[in-house]
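In what follows, a single structure is set out as structure tokens and then discussed.
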Number of protein chains: 2
Amino acid sequence: MMRRSFQVAARLGHHRALLRTPCILPRLDPAAAFGSSTDSLVSRFCPVKTDLKDYALPNASWCPDMLSLYQEFLEKTKSDGWVKLPSFKSNRDHIQGLKLPSGLVAASDKSDWRIFTRCIQVEGQGYEYVIFFHPFKKKSVCLFQPGPYLEGPPGFAHGGSLAAMMDETFSKTAYLAGEGLFTLNLNIRFKNLIPVGSLAVLNVQVEKVEDRKLYMSCITQSRDQETVYAKSSGVFLQWQLEEESSP
Amino acid sequence: MMRRSFQVAARLGHHRALLRTPCILPRLDPAAAFGSSTDSLVSRFCPVKTDLKDYALPNASWCPDMLSLYQEFLEKTKSDGWVKLPSFKSNRDHIQGLKLPSGLVAASDKSDWRIFTRCIQVEGQGYEYVIFFHPFKKKSVCLFQPGPYLEGPPGFAHGGSLAAMMDETFSKTAYLAGEGLFTLNLNIRFKNLIPVGSLAVLNVQVEKVEDRKLYMSCITQSRDQETVYAKSSGVFLQWQLEEESSP
């Protein structure tokens with residue numbers, strides 16, 4: 001989710017460049033350093049103490065497959081280096097203490113903001129998901145259970161709901177693995193439909209980092225890996241936010 | 001939305017094939033005909049009389065840009081061949097009278113289904129959009145205003161919400177222009193962020209139809225076309241549903 005805030009910087013930086021001279025990449029500060037370690041990024045992203053509600057926790061709507069795989073990965077956080085990522089209501093909660101570049105805060109009189117993948121708060125009706133990240137392997141696993149408000153064809157998840165889930169999982173992984181902030185490209189090949197209420201498992205991997213871009217892949221399958229729902233790739237641009245200075 | 005129901009057929013057809021022999025395309029019936037004219041598809045898709053609520057109508061949350069462009073296109077429906085597409089709560093409403101292939105109806109005890117892009121029913125908070133289609137030109141224009149529940153970076157729409165809007169607009173166009181039903185590929189290049197509450201205009205065009213595939217493109221821009229938000233392409237497989245037989 002933090003990556004999103006960096007996208008503001010990157011995209012609006014690009015936006016301004018675009019108004020002057022059309023080009024694809026934002027104009028980066030050549031002096032910018034990408035020195036934050038994965039460990040420090042993860043520590044910041046997963047606060048031990050917080051009053052914020054974490055939506056990535058089991059509830060009564062989770063299907064048995066989702067619950068049991070969640071427990072499996074929770075065990076792996078104790079010994080195998082996996083980290084469970086918290087999921088707050090808004091990215092505004094995730095970027096506390098980080099400074100958005102000037103001009104990148106959109107003016108608004110609205111007060112109730114929600115990150116898109118937490119837009120429906122009734123348990124089981126919309127997005128149910130939890131992401132586990134492995135800092136050393138630079139990979140993530142997202143357990144995703146679409147509810148009946150995510151429908152496309154009768155009884156099955158909308159392709160767009162899976163696209164958004166992929167984008168969100170890519171973005172978390174890109175940020176934590178290497179300050180990947182700006183989504184440049186998302187390419188999805190759909191294979192099969194995901195039944196509403198069932199579990200889909202997204203396996204995301206950072207393939208390479210080159211010229212300040214992270215190249216990532218994702219395969220979405222049933223738990224038994226018998227059914228491939230979709231394959232996708234994403235390219236993210238690195239960007240670094242600064243700490244807010246003390247008032 | 002009807003295309004979604006066809007995706008059930010296509011994807012599950014593929015699913016079954018996949019369990020036997022991995023392959024990308026569903027196994028089509030070589031005898032299948034694609035004889036429905038665009039006019040007859042549009043007539044069926046846009047019923048003159050219905051009790052169903054059409055969500056693609058102006059409400060108090062629409063920004064002035066969205067309202068005025070809507071009025072412009074509404075004028076074009078009178079003389080320039082454009083058609084305003086209705087948008088019901090669920091695809092179940094759109095496929096009345098059409099037969100899903102056997103085994104493609106997912107069992108469920110849930111009763112409140114919503115198409116993903118109408119998942120939030122509070123005006124202005126989620127998706128606000130309306131699609132106009134031009135049967136002769138085989139193109140569509142979608143007016144899209146993301147609300148604060150579609151947020152990604154603070155104050156801006158989540159990339160996944162735009163991806164879903166593209167997928168939905170592609171699918172409508174693909175179905176009405178040539179019974180394109182099964183999304184094979186979606187490729188998006190993001191350029192700039194869309195501010196929450198503002199208007200983004202999606203221009204979708206069928207580029208070619210070849211080997212039972214529709215190749216489509218989309219450019220998403222601000223109304224004045226000064227800012228490109230994203231460019232995308234989609235490939236859809238043709239599939240035809242049959243009429244339900246009388247009981």
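A, B, ... follow the sequence lines: proteins, then strands. Residue 1 opens every chain.
If you take CZ on R189(A) and OG1 on T183(B), they are separated by 14.5 Å, rounding to the nearest 0.5 Å. Rounded to the nearest 0.5 angstrom, D112(A) CG and Y149(B) OH are separated by 3.5 Å.
In the displayed structure, D211(A) atom CG is contacted under 6.0 Å by at most 12 heavy atoms of other residues, nucleotides or ligands.
For the pair F190(A) and L186(B), the minimum side-chain heavy-atom distance is below 4.5 Å. Inter-residue side-chain proximity for I115(B) and H158(A) is flagged as met; some heavy-atom pair is nearer than 4.5 Å. S90(A) has its side chain within reach of E151(B): a pair of non-hydrogen atoms, C-beta onward, lies under 4.5 Å apart.
Between F116(B) and F156(A), the ring centre distance reaches or exceeds 6.0 Å.
Between the side chain of N185(B) and the backbone N or O of I188(A), at least one donor-acceptor pair lies under 3.5 Å.
Among S233(A), C119(A), S232(A), A230(A), the residue with the largest count of heavy-atom pairs under 4.5 Å with chain B is C119(A).
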